[in-house]
Amino acid sequence: MTTPATTPTPPTPATTPTSAPGYRPGRTLSLRVEALRQWKRRRTLVMGGILVALPFVLIAAFAIGGPGGGREGRVTLMDTATASGANFAATCLFVSAGFLLVVPVALFCGDAVASEASWSSLRYLLAAPVPRSRLLASKLAVALGYSAAAMVLLPLVALAAGTVAYGWGPLRLPTGGSVPAGDALLRIGIAVVFVFASQLVTAGLAFWLSTRTDAPLGAVGGAVGLTIVGNVLDAVTALGDWRDFLPAHWQFAWIDALQPQLEWGGMVKGAAISVTYALVLFALAFRGFARKDIVS
């Protein structure tokens, strides 16, 4: 009797390598690497230079023309700009929050992914391999970090320059009275935090557009353009209470921090609306990018 031939046993799945030795998805494209890559970009340095230069431009303007005289006897924040360094910092925040501070947020978030696609380097990053969710998370975290730095940079430079030009003192309130210098720093800090929170909807819109297009300028311009549309709609009083659902309706709610008694109502509503819109847009960006066919 002959013994049947023994069939070779195929290797078990456990013995088949599934990835390169030492590969760890969570260690690809670290935040430090991405932050250094974005720091070396010319647009980062140019944007920082503009934000640093603005306070000195305003100081020169006040030196030439003097502060405003108010309208019909009313005192506004611009009229108190030269009262102290704290007043000057608050004024710089006021004149820039509506548009200027929108630009760095749209720039950093809108350029994050689209710039890689325009350079035809996105597919090589994913082939490294960097997981798609990891790539988006790193780029979003760095973009939001640079956006927050832009929000802090302007009032910090304005406070330092204003203190040198106008002296250190209490924050004079347009409504009358003043806030001690120590409390004024806290009030301005609260205002900066709210301005950043209110810009999250712009960040979400720019980041979502950045995952949908290969043109960075399209993502940045689209986010800025739609933000302007929101401001226009907020000016249409015929919309009535519907304007409360527009993030632009609450963009200057931080002025409540410069009242004799700190008011939180408007800032809480505005931040909640902006964060809600931002979370939806971030989720759409991650969901769409996970299914997108990357060819650039």
Side-chain angles (χ1 to χ4, degrees), residues 47 51 76-78 90-112 114 140 143-144 146-148 150-152 154-155 174-175 187-213 216-259 262-288:
M47 196 70 247
L51 294 175
T76 64
L77 194 60
M78 290 292 292
T91 302
C92 286
L93 194 62
F94 176 76
V95 300
S96 60
F99 180 75
L100 180 61
L101 290 180
V102 175
V103 176
V105 175
L107 181 64
F108 293 134
C109 294
D111 190 68
L140 178 59
L144 291 178
Y146 275 109
S147 299
M151 301 292 168
V152 174
L154 177 63
T175 55
R187 299 285 190 96
I188 294 174
I190 292 173
V192 171
V193 171
F194 173 78
V195 171
F196 175 70
S198 67
Q199 296 297 341
L200 285 177
V201 62
T202 301
L205 181 58
F207 193 71
W208 175 66
L209 290 174
S210 185
T211 63
R212 304 297 300 175
T213 179
L217 203 56
V220 176
V224 173
L226 289 175
T227 301
I228 294 174
V229 170
N231 292 332
V232 172
L233 290 176
D234 182 56
V236 181
T237 56
L239 291 175
D241 293 339
W242 287 103
R243 294 187 301 164
D244 292 347
F245 296 97
L246 295 173
H249 185 67
W250 306 97
Q251 64 180 337
F252 287 105
W254 60 269
I255 296 294
D256 292 342
L258 305 183
Q259 303 298 326
L262 184 61
E263 298 289 341
W264 291 98
M267 289 188 287
V268 170
K269 291 179 182 178
I273 289 176
S274 182
V275 170
T276 300
Y277 280 120
L279 289 176
V280 172
L281 290 167
F282 289 147
L284 288 175
F286 275 82
R287 182 176 182 272

Heavy-atom pair of closest approach, residues Gly222 and Leu205: O-CD2, 4.5 Å
Distance in Å, Trp250 CH2 paired with Asp256 CG, rounded so as to fall on 0.5 Å steps: 9.5 Å
Plane angle bin for Phe207 and Phe282 - parallel if under 30°, tilted between 30 and 60°, otherwise perpendicular: perpendicular
Under 3.5 Å donor-acceptor, Ser210 side chain and Ala206 backbone: no
Residue Arg212 excluded, over 12 heavy atoms near CZ under 6.0 Å: no
Flag, side chain of Thr276 to backbone of Ala272, donor-acceptor distance under 3.5 Å: yes
Distance in Å, Cys109 SG paired with Leu140 CG, rounded so as to fall on 0.5 Å steps: 6.5 Å
Distance, nearest 0.5 Å, that separates CZ of Phe245 from NZ of Lys269: 10.5 Å
Donor-acceptor contact present, side-chain Arg243 to main-chain Asp234, <3.5 Å: yes
Ser274 (side chain) donor-acceptor with Val201 (main chain) under 3.5 angstrom: yes
Rounded distance (nearest 0.5 Å) linking atom CD of Gln199 with atom CG of Leu144: 12.0 Å
Flag for Asn231-Gln251: side-chain donor and acceptor within less than 3.5 Å: yes
Heavy-atom pair with the smallest gap, counting every atom of Asp111 and Pro216: OD1-CB, 3.2 Å
Student check: side-chain heavy atoms of Val224 and Leu107 closer than 4.5 Å: no
Nearest-0.5 Å distance, CG of residue Leu226 to CG of residue Leu209: 7.0 Å
4.5 Å side-chain heavy-atom contact, Trp208 and Thr211: yes
Distance (rounded to the nearest 0.5 Å) between Leu101 CG and Leu154 CG: 5.5 Å
Nearest heavy atoms of Thr91 and Met78, plus distance in Å: CG2-SD, 3.3 Å
Close side-chain approach of Val95 to Leu100, heavy-atom, < 4.5 Å: no
Pairwise side-chain contact, Ile255 with Phe94, heavy-atom cut-off 4.5 Å (strictly under): yes
Criterion side chain to side chain contact (heavy atoms under 4.5 Å, CB included) against Tyr277, the qualifying member of Val280, Leu279, Ile273: Ile273
Within-4.5 Å side-chain heavy-atom neighbours: Leu262 and Ile190: yes
